Amino acid sequence: MACADEKAAVEFMEKQRWGGEAACPRCGDTDVYQMMSKDGSERQANFRWNCRGCKKQFTVRIGTVFEDSRIELRHWCYAFWRASTSKKGVSALEIHRHTGVSYKSALFLLIRIRFAMEDSAPTPLSGDVEVDETYVGGKPRYKGQSKRGRGTNKQAVVALVERGGSVKTKPVANVTGKTLKSVIRDDVQTDSRIITDENPAYNGIGKEYAGGHHTVCHSAKEYVRGDVHSNTVEGFFSSVKRGLNGIYHSVSKEHLHRYMAEFEFRYNNRDLEDGERTIAAIKAAEGKRLLYTNPVTATY
Ligand SMILES: [Zn+2]
């Protein structure tokens with residue numbers, strides 16, 4: 001693959017970012033050149049460029065989620081590949097084992113990759129939109145633990161799926177009608193049709209939508225009535241749960257939205273080939289210097 005060695009990984013990232021013509025990430029000038037080693041035989045060891053416009057040096061990392069990291073780009077590349085193509089996600093332990101970077105560095109890589117995968121300009125959903133809510137995350141269940149919501153470390157999450165289109169998820173503090181309906185209003189265009197289960201919290205939302213509100217009656221064993229079903233959103237939630245339980249084991253409430261961004265990204269890019277999906281994630285890393293303080297301090 002593209003990331004066999006560091007030079008190949010850097011040049012792969014440069015190609016994804018700039019195509020044929022490199023541009024200075026600071027001033028945009030394309031009057032730039034690659035720096036060479038002292039004897040001129042190969043590229044300078046850190047793969048730096050020089051910009052004649054602003055007279056500063058840069059690398060392909062500047063202005064991306066890699067910017068303040070010293071982890072080799074071939075490891076970033078591998079982690080992007082695994083996070084973009086593994087149905088259930090990839091654990092930091094696996095990245096650590098495959099690349100040899102420390103476990104902490106592997107955690108750091110994955111946090112940043114999830115951040116890159118977050119949809120920074122989401123468009124509202126329309127058409128047939130299935131909405132459902134569930135509790136995810138927390139530690140694996142132990143015997144006797146069946147409580148949900150308050151008092152447990154599980155987080156309520158709403159998912160909205162446009163059939164044939166994208167999914168959006170939102171962690172919510174509670175699952176009252178007020179909360180659920182406001183999530184729908186924020187994310188779904190009013191010309192849509194809303195499909196939910198029989199949870200009465202959704203009652204009344206139909207009058208705000210041209211297609212109305214249709215409910216699926218699970219208790220009556222009436223799983224599918226024509227096209228009134230919530231199989232799409234339920235399928236999404238079951239893949240999330242398989243990933244969270246099987247790969248990530250324990251996800252805290254503070255981090256859950258980033259894991260959800262990863263599941264959303266894979267779902268929303270499901271029609272792409274693995275390689276294309278990886279490139280889409282890498283491209284999303286551009287312009288996303290991490291702007292949040294993360295628990296794994298940035299010293300890698
Ligand atoms: Zn410049």
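Counting starts at 1 for both ligands and their atoms, in listed order. Since we're looking at a predicted model, the values are computed, not measured. Count residues from 1 along the sequence.
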Please name all residues satisfying side chain to side chain contact (heavy atoms under 4.5 Å, CB included) with S126, sequence neighbours left out, ordered by chain then number.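 For S126 the side chain to side chain contact (heavy atoms under 4.5 Å, CB included) partners, ignoring immediate neighbours, are E162, Q189, D191, S192.
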Set of side chain to side chain contact (heavy atoms under 4.5 Å, CB included) partners for D271, sequence neighbours left out: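 Expected list: none.
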Side chains of Y202 and H213: do they bring a donor and an acceptor to under 3.5 Å?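 Their side chains do not contain a donor-acceptor pair, so the 3.5 Å distance test is not met.
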N, O or S atoms of the protein lying under 2.8 Å from the Zn ion (ligand 1):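 Listed by chain and number, the atoms are C24 SG, C27 SG, C51 SG, C54 SG.
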Sulfur to sulfur, is the gap between C3 and C77 shorter than 2.5 Å?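 Taking the criterion (SG atoms under 2.5 Å apart), C77 and C3 satisfy it, so yes.
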Qualifying salt bridge (charged side-chain N to carboxylate O under 4.0 Å, His left out) pairs, either residue in residues 44-65, two or more places apart: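 Those involving residues 44-65 are D31-R52.
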Measuring only between side-chain heavy atoms, which start at C-beta, is Y259 closer than 4.5 Å to V136?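 No, every pair of side-chain atoms sits at 4.5 Å or beyond.
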